[in-house]
2 protein chains.
Amino acid sequence: MATLKQVAAHAEVSVQTVSNALNAPHRLRADTLARVNRSIELLNYRPNRNARSLRTSAVELIGYCVPNWPNRTHLVMDQFLHALCAAAERTARHILLFTAEPGVDGMPTYDDLHARRLVDGFVLSQTETRDPRHGWLKNQEIPFVSFGRVWKETTQPGPWVDVDGAAGSALAVRHLYDTGRRRIAFVGWPKSSGLGEDRLGGWRTECKRLGLPTTSLAVRCREDSIEEGARVTGELLDAGREVDGIVALSDILALGALRELTRRGLRPGPDVGVTGFDDSPLAEVVSPGLTSFRQPMDLIAEELIAILTGGSGGAPAERLLQPELVIRGSSVPG
Amino acid sequence: MATLKQVAAHAEVSVQTVSNALNAPHRLRADTLARVNRSIELLNYRPNRNARSLRTSAVELIGYCVPNWPNRTHLVMDQFLHALCAAAERTARHILLFTAEPGVDGMPTYDDLHARRLVDGFVLSQTETRDPRHGWLKNQEIPFVSFGRVWKETTQPGPWVDVDGAAGSALAVRHLYDTGRRRIAFVGWPKSSGLGEDRLGGWRTECKRLGLPTTSLAVRCREDSIEEGARVTGELLDAGREVDGIVALSDILALGALRELTRRGLRPGPDVGVTGFDDSPLAEVVSPGLTSFRQPMDLIAEELIAILTGGSGGAPAERLLQPELVIRGSSVPG
DNA sequence: CTGAAAGCGCTTACAG
DNA sequence: CTGAAAGCGCTTACAG
């Protein structure tokens, strides 16, 4: 493994000049630069990142805590991680994975990774309603950025990027309205979820704007499962509420709706329009395909990395991105 | 941020002694150790990992390439990553994520990460049939271990850990036999998949051993989708092959089978027993629940890390682990 | 059991 | 435009 010193000797310049060739090539005369680069190539030199980090005290590694939810499924995690990695790499950084206890119990792990200089900062995801991590990190002055809001009453500590769930729901209602539906239900989560309430609000507002009924048309599941989605869909249908559209809070719940409709001989799409959220791989793979909202993963990742690495320019950055409606068979009348 | 030097000054010992307190405490007298530890605690000292790595030339980071398969779903990736992280952390290591071009085009990325000392070695996953990465890394003498076999005719380069798919299929057949099925079909992948052929072989062998028919009972899907699973299940039923059991090569295909059975008024479980593979989150969430094989993720991760960090003791390690049958409604007759 | 010294491979003011 | 020197924060033989 060649070192800077060996390259310098080979090119007959000082180590400083080789370092400049790599990090500030404009400081070298063209012929010197060419000579140094030839030596670098010849010796197959790769700068040792540890030595660099020790000197600059920047490791160019970003910590991400890999979630462990035995009960919840994170169907788009591979998409998110891939986008995050790719965005980090565009700034010559990488993602370091770690595990930690949930909530505040895990914070010493974050602190330790930062203090030992394994990472420069963190990307938080799987943000919980009233997530305690943000305030803790901000307090310790550890750099971080959050994917997702914490839905506190107070201002959220630190910068964040999120997808506009209310706008998504509104768009879903509008789309179902445009395909002729007039009684559009909402299948959601328990009240404790800030994200759930946000999306519910979007549904209600848009229904009212369009003059559609909302009374008795919002139902809540106990958990995010196909079973629960099917159960509450059954309730909606049993009660004779003449539902012809369903905005589901997640793809999993939407799948439950599809199953229950099919079981009762109703055709998802022609008879009842159904939409999900997150455009998980499942949405594409079921039949009829599930209309859903794609989170703009590449953009999300890009913003997260930009905020985290961009230095703290004044007020904390807050970016609300728009989801994109992906229309498939489950919402198409014909 | 306190340094070794400051701790040494505070405890009135040399830096060497502080270093020993951390890395070889048995070398210190008990009272010295106690004094040093008090200073460490008081100053909230955390050793800088970069400095350590520079000195020892071990970064204690393991590279893992995050897959980007728009068409295939990796439903247990979060489980795998969590297990891998946890196992790495038990040896004071972490996982570094990166992206790379598929196949041999991505190898310069692997090489670079290793040469710049961002990682000590790699865990390979998403192993493809005839995967070129293993030979390449072995050639470059870059440490790695593979989750999954490459199914070449020749000996596989480098160490690996895998789950015994043939044994899984055999176990599935046996389980369906034990629940009274006598015409057990196999729903698989194209011939090009080594993994697929392995599991197919297990089904065939076990059927023969039990005296069950196999002729016309093995069908192949074009891709791993619910749609395809449903289609070939339809074929099996149309042809009047009197199938009463289905061993599907994946949970996704099994889900297709369940859908098609239900669509035709057949009850998965009582009428036709169905099993999947991988015990993805879907298996639990559908109704009836899908009987499937759980990969022993924690054990897999443990072995991968042990092999990668355990030094090269003689012959390359090869570990074939047994999957565990998780029985749910889809295979239960009553 | 403890300590002084060299060195891992870089980068960064600073001087020429 | 180029170079000599100091130093980032550790660990590791080696000597006492």
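Reckoned from all heavy atoms, side chains included, excluding hydrogens, waters and symmetry mates. Below, read A as the first sequence line, B as the second, and so on, with proteins coming before strands; counting in each chain starts at 1.
The CG-P distance, from B:Asn50 to D:dT11, rounds to 12 Å in whole Å. Between the CZ atom of A:Arg116 and the P atom of D:dT11 there is a distance of 10 Å, rounded to whole Å. Taking atom CD on B:Gln6 and atom P on D:dC10, their separation rounds to 9 Å, with Å as the unit. Summarising the geometry, the separation between NE2 on B:His26 and C1' on C:dT2 is reported as 14 Å, rounded to the nearest angstrom. In this structure, NZ of A:Lys5 is placed 14 Å from P of D:dA6, rounded to the nearest angstrom. The separation between A:Leu4 atom CG and C:dG7 atom P is 18 Å, rounded to whole Å.
In this structure, A:Arg27 does not reach the D:dC1 phosphate: none of its side-chain N or O atoms is under 4.0 Å from OP1 or OP2. Within the structure, a side-chain polar atom (N or O) of B:Arg29 is placed less than 4.0 Å from OP1 or OP2 of C:dT2.
The closest donor-acceptor contact from the side chain of A:Ser53 to the backbone of B:Asn50 lies at 3.5 Å or more, if one exists at all.
A distance below 6.0 Å separates the ring centres of B:Phe80 and B:Tyr64.
Contact check of residues 31-46 of chain B against DNA chain D (heavy atom, cut-off under 4.0 Å) returns B:Tyr45, B:Arg46. Shown for residues 15-24 of chain A: residues whose heavy atoms fall under 4.0 angstrom of DNA chain D, namely A:Gln16, A:Thr17.
In this structure, B:Glu128 does not pair ionically with B:Arg133, as no charged nitrogen and carboxylate oxygen lie closer than 4.0 Å. With respect to A:Asp162 and A:Arg319, no salt bridge is recorded, no charged nitrogen being found less than 4.0 Å from a carboxylate O. Between B:Asp31 and B:Arg35 there is no salt bridge, since no side-chain nitrogen of the basic residue lies less than 4.0 Å from a carboxylate oxygen of the acidic one. The pair B:Arg149-B:Glu318 fails the salt-bridge criterion, with no side-chain N (NZ, NE, NH1 or NH2) lying under 4.0 Å from an Asp/Glu carboxylate O.
Here C:dG9 is the nucleotide among C:dG7, C:dG9, D:dG9 with the atom lying nearest to any side-chain atom of A:Arg55. Counting only heavy atoms from C-beta on, A:Val13 has its side chain closest to D:dG3 among D:dG3, D:dC10, C:dG3.
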### Summary
Taking Watson-Crick and G-U wobble contacts under 3.5 angstrom, with | marking pairs to another strand and [ ] crossing pairs, the secondary structure of DNA chain D is written |||.||||||||.|||
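Residue B:Thr91 is tested with B:His94, B:Glu89, B:Arg93 for a side-chain hydrogen bond (donor to acceptor under 3.5 Å, both in side chains); the sole match is B:Arg93.
Between B:Val66 and B:Thr99, the closest side-chain pair of non-hydrogen atoms falls below 4.5 Å.
Relative ring orientation between B:Phe122 and B:His114 is described as tilted, the plane-to-plane angle lying within the 30° to 60° band.
Contacts of B:Leu54 with the nucleic acid, taken as non-hydrogen atoms under 4.0 Å apart, include base atoms.
Counting all heavy atoms, side chain and backbone alike, B:Trp160 lies closest to B:Ile307 at O-CD1, 4.3 Å. Shortest non-hydrogen contact noted between B:Gly63 and B:Phe98 is C-CE2, 3.7 Å.
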